[in-house]
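Fair warning: this is a prediction, and the values are worked out from it, not measured in the lab. Quick note: residue numbers are just sequence positions, from 1.
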Amino acid sequence: ILKVWIAVLGDGEVAVKALSVAAGLAIIPLTYGLGQRLFGRRTGLLAALMAAASPLLVWYAQEVRMYSLLTALTLAAALCLWQALDSGRGPWWLLYALLTVAGAYTHVYGALLLPAHGLFALWAWERGWGGARGERAAWLWSVLAGLSAFAAVAILYAPWACAAWQSSGSAFSGRPLLSPLEMLGALLAAFTLHRAVAPGIVLAAVGALVLLGLVAGRREDREAPDGAATGPRTLTAGDARVFLDLYLLLPVALVAALSQRYELWGVPYFTILAPPFLVALAAGIAVLSRRWLLLGLATSGIVLTLAILGLAANAAPENRKEDWRAAAAYVRDHAAADDAILVVADFAAVPFRYYYRGPATVYTPWGGRLSDSAAVAAPVDGLGGANNIWLVLSHQEPIDPDGLIPRLLDQRYPTVTEQFPRGVRLTAYAVRTLLTQLPPGVGRVDQDLGPLRLLARTVDPGPHFAADSTYHPPSGWIHVTLY
């Protein structure tokens, strides 16, 4: 999808980021649609408002990564599934199949929602059996259409599923393994505040509201009791709660079970569960509002205030995203054509290459986890002809969790400089320290310094400041090279 997007709109920074922004904006009306279909218009409006202010969703809508797109696709697929089972119309099943395959190919977490979808379809079909003859015919049509949709998803996704299964367990995330309760706690904090911090009692209260929505949420626009169908539709408020429970909780349970072996855990991947979380939260607040209107209004205000605090934390200096633009600009300004740039994580080389416009060559020799020094030494030996090696470290834990690469370079070569743009560490190592002649353009000095003679020196051009918030916070460095 991104490749087609770039082909149409170009690869400029605004154009590339626009896909995630568009997906993030689409999440808002889709969240309204889910809340409205499950529990009514007011629940949908409140859930959409919270989605618009969600610090987690806003954060990932600013990244050229799959999280916003994956969330939008899986949310639209879930909404189509509900519509297909509620109306029995075939076009909804077709849309469901297409969106589900697109989400599963976007990221493997998209496929983790399939068990929840399948279980809910079985639940709905079982409850729809036993009507009059005409109703049974409609029921049979819905079952056949649904089974065809699930079969199409399985066939279309099978090649990628086999490849994912073969490579499972080969990557190391570097993240600690959490228990299921710890996972739920981490997700509760991320969905509520993301980067901000709140007392545990506040998060517990939000969790209680979500639980209230999961067990007691009901549709304010339908007066029929749970289990009773009204009008042409077949699904009830009780079905809505089952749907939301499976949507929100079953993927977490699956990841908790699979993570004991395959390290699937990661908060960013669970962005797909933020919309059902917000719908459950809105449904819980709606339950309060029916009994105590003022309490419900106050709770809504408090939850939105927490979201605003999370948005403020997103913008705080300590929570800034990786500054690849600054990292690439520094290397561009200081690396020569005969230098080598070594990016440890191959996926981190993508944003670095996007911004880097210098003469030095970028190398990414490691694509898997490093377990011994021999695997590190061979690529480094191949760069022995370079003048300097620039080591770029960011999110290197899956590749080099033990720090073997910087350790080897520290042992072999002296350090020229270190820079620390946000989320990135740049270290330059001098490979050739003995020269037969001075480089062109250096300032000649020819001054005796005791047992040494200073022949020349270079100093970084441009202004220098005592404080630098980009490359070396909190102090500024003046880089001097002596010959």
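Remark: Tyr471 pairs with Tyr330 by the ring-ring contact (aromatic ring centres under 6.0 Å, His included) rule, at least two apart or across chains. When the side chain to side chain contact (heavy atoms under 4.5 Å, CB included) test is applied to Leu9, the partners found at least two apart in sequence or on another chain are Trp5, Ala15. For Asp323, there are no salt bridge (charged side-chain N to carboxylate O under 4.0 Å, His left out) partners, not counting sequence neighbours. Every side chain to side chain contact (heavy atoms under 4.5 Å, CB included) that Glu63 has, sequence neighbours left out, goes to Trp59, Tyr60, Arg65, Tyr67, Lys321. Checked against salt bridge (charged side-chain N to carboxylate O under 4.0 Å, His left out), Arg425 has the following partners two or more places apart in sequence or in another chain: Glu418. Residues satisfying the side chain to side chain contact (heavy atoms under 4.5 Å, CB included) criterion with Ile6, sequence neighbours excluded, are Leu2, Asp11, Val16. Remark: Glu322 pairs with Trp324, Ser394, His395, Val424 by the side chain to side chain contact (heavy atoms under 4.5 Å, CB included) rule, at least two apart or across chains.
Formation of a donor-acceptor pair under 3.5 Å by the Arg325 side chain with backbone atoms of Tyr355 is not found in this model. In this structure a side-chain-to-backbone donor-acceptor pair under 3.5 Å is missing from Ser54 to Met50. A donor-acceptor contact shorter than 3.5 Å is absent between the side chain of Arg357 and the backbone of Ala329.
Between Ala216 and Val287 the shortest heavy-atom distance is O-CG2, 3.6 Å. Nearest heavy atom pair, residue Ala282 against residue Ala47, reads CB-N, 3.8 Å. Taking every heavy atom of both residues into account, Leu254 and Pro115 meet most closely at CD1-CG, 3.7 Å. Considering all non-hydrogen atoms of both residues, Ser20 and Val64 come closest at OG-CA, 4.1 Å. Contact detail for Ala280 and Leu214: the closest heavy-atom pair is CB-CD2, 3.9 Å. Closest non-hydrogen pair, Ser142 versus Leu85, comes out as OG-CD2, 4.5 Å.
Annotation: side chain of Leu75 is not in contact with side chain of Ile272 (no heavy-atom distance under 4.5 Å). Residues Leu34 and Phe243 have side chains in contact (heavy-atom distance under 4.5 Å, counting atoms from C-beta outward). Two residues are said to be in side-chain contact when any heavy atoms from C-beta on lie closer than 4.5 Å; Arg37 and Asp86 fail this criterion. Using a 4.5 Å heavy-atom cutoff, the side chains of Leu184 and Val252 are in contact. In this structure, Phe120 and Tyr247 have side chains that are not in contact, with every pair of non-hydrogen atoms separated by 4.5 Å or more. With contacts defined as side-chain heavy-atom distances shorter than 4.5 Å, the pair Thr364/Arg353 qualifies. Here the side chains of Trp366 and Asp400 are not in contact, with every heavy-atom distance at 4.5 Å or above. For the pair Val392 and Leu426, the minimum side-chain heavy-atom distance is below 4.5 Å.
Here the straight-line distance linking atom CG of Leu119 with atom CG of Asp245 works out to 12.5 Å at 0.5 Å rounding. With rounding to the nearest 0.5 angstrom, the CD1 atom of Ile27 is 10.0 Å from the CG atom of Leu278. Between the OG1 atom in Thr271 and the CE atom in Met66 there is a gap of 8.5 Å [rounded to 0.5 Å].
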Original post:
Could you walk me through whether Phe150 and Trp93 pass the side chain to side chain contact (heavy atoms under 4.5 Å, CB included) check?
Top reply: CA-CA 9 Å; Phe150 283 116; Trp93 284 115; 4.1 Å; yes
Original post:
After noting the C-alpha distance and the side-chain angles of Phe277 and Leu187, does the key distance pass the side chain to side chain contact (heavy atoms under 4.5 Å, CB included) rule?
Top reply: CA-CA 10 Å; Phe277 173 89; Leu187 293 177; over 6 Å; no
**OP:** Determine, step by step, whether Trp123 and Leu246 satisfy the side chain to side chain contact (heavy atoms under 4.5 Å, CB included) criterion, reporting the C-alpha distance in whole Å, the side-chain angles of both residues, the deciding distance to 0.1 Å, and the verdict.
**Re:** CA-CA 11 Å; Trp123 165 275; Leu246 291 172; 5.8 Å; no
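For the pairing with Tyr32, the side-chain contact (heavy atoms from CB on, under 4.5 Å) check across Leu46, Leu45, Val279 returns one residue only, Leu45.
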Show every donor-acceptor pair shorter than 3.5 Å between a side-chain atom in residues 190-199 and any protein atom, with sequence neighbours excluded, or say none if there are none.
{"from": "Thr192", "atom 1": "OG1", "to": "Leu188", "atom 2": "O", "distance (Å)": "2.7"}
{"from": "His194", "atom 1": "ND1", "to": "Asn314", "atom 2": "OD1", "distance (Å)": "3.1"}

Side-chain donor-acceptor pairs under 3.5 Å in residues 299-308, sequence neighbours left out?
{"from": "Thr299", "atom 1": "OG1", "to": "Leu295", "atom 2": "O", "distance (Å)": "2.7"}
{"from": "Ser300", "atom 1": "OG", "to": "Gly296", "atom 2": "O", "distance (Å)": "3.0"}
{"from": "Thr305", "atom 1": "OG1", "to": "Gly301", "atom 2": "O", "distance (Å)": "2.7"}

Could you pull out all donor-acceptor pairs under 3.5 Å where a side-chain atom in residues 100-113 meets a protein atom, sequence neighbours excluded?
{"from": "Thr100", "atom 1": "OG1", "to": "Tyr96", "atom 2": "O", "distance (Å)": "2.7"}
{"from": "Tyr105", "atom 1": "OH", "to": "Leu156", "atom 2": "O", "distance (Å)": "2.6"}
{"from": "Thr106", "atom 1": "OG1", "to": "Ala102", "atom 2": "O", "distance (Å)": "2.7"}
{"from": "His107", "atom 1": "ND1", "to": "Tyr109", "atom 2": "N", "distance (Å)": "3.0"}
{"from": "Tyr109", "atom 1": "OH", "to": "Leu264", "atom 2": "O", "distance (Å)": "2.4"}

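Pairs engaging residues 98-114 under the salt bridge (Lys or Arg N to Asp or Glu O under 4.0 Å) rule: none recorded [sequence neighbours left out]. For residues 15-31, the pairs satisfying salt bridge (Lys or Arg N to Asp or Glu O under 4.0 Å) are Glu13-Lys17, with sequence neighbours left out.
Heavy atoms from other residues, nucleotides or ligands lying under 6.0 Å from CG of Leu293 number more than 12.
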